[in-house]
Amino acid sequence: MIQPEIMEHALEIMLEAHKGQRDLDGRAAVLHPLTVGCMGSTDEARVTGWLHDVIEDCEEWTFERLEQEGIPREVVVALQLLTHDKDVPYIDYVERIATSGNATAIEVKRNDLTHNLARGKAGGHEQLVAKHSHAMAFFETRK
């Protein structure tokens, strides 16, 4: 269980990190990690969900800084799995998560894909829907 102060701090980090960012449809980008985090079934999954795009989307944040800010090591480990290195093909990145055995990273990625699919369908972003559908199917075969 994560202390309430740490959970609140994770929300503050998320809000700061995504301030002013917009998604493809012009909405506040922070709504995505907020939703993914709220889908979590544990405190660890919620905090990881809230922070899952921070490293990819915000140059000033690092794994080390998150730990210095009090984010628990198990969350940082999950975030390391969830952060996509652009030099790694997307499906290889998804496979690494799916086969990692890290329950938090797996749950958060599934929640991320679920929300991305819903957003993509609602916005008519067919290429993204196809990408995320392929990833989700990949996940489903590895339950």
Side-chain angles (χ1 to χ4, degrees), residues 1-123 125 127-129 131-143:
M1 183 170 197
I2 296 178
Q3 296 298 316
E5 308 81 43
I6 298 297
M7 293 185 73
E8 185 174 322
H9 190 51
L11 283 165
E12 291 167 352
I13 291 168
M14 176 196 69
L15 289 169
E16 175 192 320
H18 296 292
K19 186 175 183 174
Q21 295 178 350
R22 300 280 176 228
D23 69 11
L24 287 175
D25 296 317
R27 293 181 187 91
V30 73
L31 296 173
H32 172 64
L34 180 63
T35 301
V36 171
C38 289
M39 293 168 74
S41 64
T42 65
D43 290 348
E44 289 76 13
R46 284 185 278 279
V47 169
T48 303
W50 293 330
L51 299 175
H52 83 277
D53 281 338
V54 166
I55 304 296
E56 279 182 34
D57 295 350
C58 311
E59 289 181 13
E60 65 272 13
W61 285 97
T62 64
F63 300 117
E64 295 78 18
R65 182 173 176 200
L66 288 172
E67 283 194 88
Q68 290 168 358
E69 293 282 334
I71 300 304
R73 180 77 185 132
E74 65 269 18
V75 169
V76 173
V77 168
L79 290 170
Q80 289 170 329
L81 284 164
L82 290 163
T83 300
H84 182 203
D85 176 347
K86 302 303 182 207
D87 293 331
V88 174
Y90 183 74
I91 203 62
D92 293 346
Y93 151 76
V94 172
E95 180 178 20
R96 186 185 74 205
I97 297 167
T99 60
S100 70
N102 186 308
T104 299
I106 291 167
E107 177 182 349
V108 171
K109 188 61 188 172
R110 290 174 61 95
N111 292 344
D112 178 44
L113 290 168
T114 298
H115 190 238
N116 280 334
L117 280 166
R119 294 188 316 156
K121 288 176 183 175
H125 303 288
Q127 188 175 16
L128 290 176
V129 169
K131 172 185 168 181
H132 294 127
S133 294
H134 180 65
M136 185 63 92
F138 185 90
F139 251 84
E140 293 296 321
T141 63
R142 286 160 176 79
K143 278 185 177 180

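Throughout, residue positions are numbered sequentially from 1 according to the sequence presented.
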- Mind running side chain to side chain contact (heavy atoms under 4.5 Å, CB included) on Leu34 and Met14 for me, showing each step along the way? CA-CA 8 Å; Leu34 180 63; Met14 176 196 69; 3.9 Å; yes

- Query: Is there side-chain contact between His9 and Glu12, with at least one heavy-atom pair below 4.5 Å?
  - Reply: yes

- Query: Do the non-hydrogen side-chain atoms of Gln21 and Val30 ever get within less than 4.5 Å of each other?
  - Reply: no

Residue pair [X] / [Y]: nearest heavy atoms and the distance that separates them:
X      : Y      : answer
Ser133 : Leu117 : OG-CD2, 3.2 Å
Ala17  : Cys58  : O-SG, 2.9 Å
Trp50  : Cys38  : NE1-N, 3.6 Å
Leu113 : Ala135 : CD2-CB, 3.9 Å

Please check if the side chain of [X] supplies one atom and the backbone of [Y] the other of a donor-acceptor pair under 3.5 Å.
X      : Y      : answer
Asn102 : Thr104 : yes
Glu69  : Ala10  : no
Asp23  : Arg27  : yes
Ser100 : Ile97  : yes
His132 : Leu128 : yes

- Criterion side chain to side chain contact (heavy atoms under 4.5 Å, CB included) on Leu31 and His18, from CA distance to verdict: CA-CA 9 Å; Leu31 296 173; His18 296 292; over 6 Å; no

- Would you mind listing every ring pair (Phe, Tyr, Trp, His ring centres under 6.0 Å) that reaches into residues 62-81, with sequence neighbours excluded? none

All N/O donor-acceptor pairs, side-chain side in residues 74-91, below 3.5 Å, sequence neighbours left out:
| residue | atom | partner | partner atom | Å |
| --- | --- | --- | --- | --- |
| Thr83 | OG1 | Leu79 | O | 2.7 |
| His84 | NE2 | Val88 | O | 2.7 |
| Asp85 | OD1 | Asp87 | N | 2.9 |

- Run the side chain to side chain contact (heavy atoms under 4.5 Å, CB included) check on Asp43 and Ile6 step by step: do they pass? CA-CA 10 Å; Asp43 290 348; Ile6 298 297; over 6 Å; no

- Query: Salt bridge between Arg46 and Glu107, side-chain N to carboxylate O under 4.0 Å?
  - Reply: no

Tell me every residue that passes salt bridge (Lys or Arg N to Asp or Glu O under 4.0 Å) with [X], counting only those two or more places apart in sequence or in another chain.
X      : answer
Arg22  : none
Glu67  : Arg73
Asp112 : Lys109

- Query: Knowing that exactly one of Lys121, Arg119, His134 qualifies, which makes a side chain to side chain contact (heavy atoms under 4.5 Å, CB included) with Val129?
  - Reply: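 Among the candidates, only Lys121 passes.
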
- From Met7 atom CE to Met1 atom CE, the distance as rounded to the nearest 0.5 Å: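 Met7 CE to Met1 CE: 8.0 Å, rounded to 0.5 Å.
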
- Got more than 12 heavy atoms from elsewhere within 6.0 Å of CD, Glu59?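 Not more than 12 within 6.0 Å, no.
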
- Query: Mind checking what makes ring-ring contact (aromatic ring centres under 6.0 Å, His included) contact with His32, not counting sequence neighbours?
  - Reply: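 Partners of His32 under the ring-ring contact (aromatic ring centres under 6.0 Å, His included) test: His52, His115.
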
